[in-house]
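Counting starts at 1 for both ligands and their atoms, in listed order.
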Amino acid sequence: MSRYFWLRDDTVATSRYSGDFDAAHKWGLPGLKNCPGCGVTWAGAGRQYPAVDLSLIPEHGEFEEARPEPFPEFVRLQALVRPLAPPNSELPPGTNFGPLVGTASGQFGPFTWLGHSLMIIRRDTLDSLQAAGVRGLLGCKTELKFRQKTPPDILELQIEPRGLLHRDCLPPDVAPPCTTCGRQGLSRPDDPILDEASLPTDTDLFRVGNFATVIIGTDRFKDAVEQGGWTGISFRELPVRS
Ligand SMILES: [Zn+2]
C-alpha cells in the first residue's frame, strides 16, 4: 500500500534560488454571489486546470475578470466550461483554467511555489520524474514573461482534486455541503487524516477533493524527487484511515 505525503514549499531550499514570479491563470469561473441555498458569497481556492484551454469557446472573454455572479449566471458559465474540463470535475466558483500569465525573473530551482498550493516545475525535473515512473504528471505550458534573454523552461502541473479528508479529522458538528452550490465551510485541520477508500490508485500526485489547497504525493513521488536530488518540496506524511 502507498504512503501519502502533504507537499509544501521547502522555504529553506527554495530561498537558495533567486527565481521569483507573479502570475495568475488566464481564465476562471466567477465567484458565486448570495447562493440561493446557503446565502454565502464565495469563491474556492486550489482548483486549477492549466491544461484546459478556454480559447476554444467563443465566450472565453467572459472568464477573464474575477467577480462574483448570481447563481443562474454562474451555472450558465459553468456549463460552457464543462465540456472542456476533465470528466466529473466539480468546477466550483473560483476554479481557474489555462496557463499562468505574468512576469518572472531570476534562476529557478526544480520546484518554485506561489503560496502553499501552487507549484511550478522545471522541465528537466518533470522529465526525470516521468522517467522514474511517477504516474499522473501532466505538465502544462506557462505564459510567464522573463526578464532574462535565455528564460528557463518552466511548466505548471495540472493537479486534480481526488480523495477526501477523513471525517475523523473534521469537527464532529461540521455541516454537510450546501446542496445548491456544494460549499462546506471547513477550516483546514492542523492534523489532516486521509480517507483510505477515497484515495486514487492511478496517480502519484493529487489535491484533496474536499480541501483542494492540500497537495498530496505518494511515496513513489517522494522517492523519485529525493533520488533525483530535486529540491523545493517539504514532505509531511499523513495518516490514512478506513
Ligand atoms: Zn450554497
Side-chain angles (χ1 to χ4, degrees), residues 6 8 24-54 56-98 100 114-118 156 158-200 203 206-216 238 241:
W6 181 5
R8 285 185 287 181
H25 292 93
K26 196 165 196 167
W27 301 289
L29 278 174
L32 177 58
K33 185 193 278 182
N34 301 329
C35 170
C38 63
V40 176
T41 294
W42 68 285
R47 307 248 176 185
Q48 292 134 11
Y49 293 92
V52 173
D53 179 5
L54 294 199
L56 298 173
I57 56 173
E59 300 89 347
H60 57 84
E62 299 185 54
F63 298 88
E64 287 170 1
E65 186 195 343
R67 78 276 180 196
E69 290 282 6
F71 189 66
E73 175 66 357
F74 172 78
V75 169
R76 182 184 73 85
L77 294 166
Q78 187 190 47
L80 290 173
V81 174
R82 194 171 292 290
L84 302 175
N88 306 316
S89 319
E90 281 184 31
L91 307 179
T95 301
N96 289 315
F97 308 96
L100 280 171
L114 195 63
H116 269 296
S117 66
L118 197 163
E156 182 185 6
Q158 178 160 299
I159 310 174
E160 296 175 21
R162 309 277 298 272
L164 298 169
L165 293 182
H166 196 281
R167 63 182 182 280
D168 286 357
C169 69
L170 304 176
D173 57 348
V174 68
C178 170
T179 54
T180 302
C181 72
R183 180 179 180 274
Q184 192 172 26
L186 294 176
S187 25
R188 193 181 66 214
D190 292 333
D191 298 306
I193 301 170
L194 298 172
D195 182 321
E196 183 174 15
S198 74
L199 297 174
T203 181
F206 58 96
R207 294 173 180 275
V208 176
N210 57 351
F211 223 105
T213 54
V214 175
I215 301 175
I216 303 293
L238 294 184
R241 201 169 286 173

Do you know which two heavy atoms are closest between [X] and [Y], and how far apart they sit?
X: Thr213; Y: Ser117; result: O-CB, 3.3 Å
X: Val208; Y: Leu165; result: CG1-N, 3.6 Å
X: Phe71; Y: Leu32; result: CA-CD1, 3.6 Å

*Tell me, which protein N/O/S atoms are under 2.8 Å away from the Zn ion (ligand 1)?*
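Metal shell, protein only: Cys35 SG, Cys38 SG, Cys178 SG, Cys181 SG.
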
*I would like to know whether Val52 and Trp27 meet side-chain contact (heavy atoms from CB on, under 4.5 Å); could you show each step before the answer?*
CA-CA 9 Å; Val52 173; Trp27 301 289; over 6 Å; no

*Of Gln158, His25, Glu160, which is the lone residue that meets side-chain contact (heavy atoms from CB on, under 4.5 Å) with Gln48?*
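Looking at Gln158, His25, Glu160, the match for Gln48 under the side-chain contact (heavy atoms from CB on, under 4.5 Å) is His25.
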
*Would you check if the side chain of Arg183 reaches a backbone N or O of Cys178 as a donor-acceptor pair within less than 3.5 Å?*
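Side chain of Arg183 to backbone of Cys178, a donor-acceptor pair under 3.5 Å: no, none is there.
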
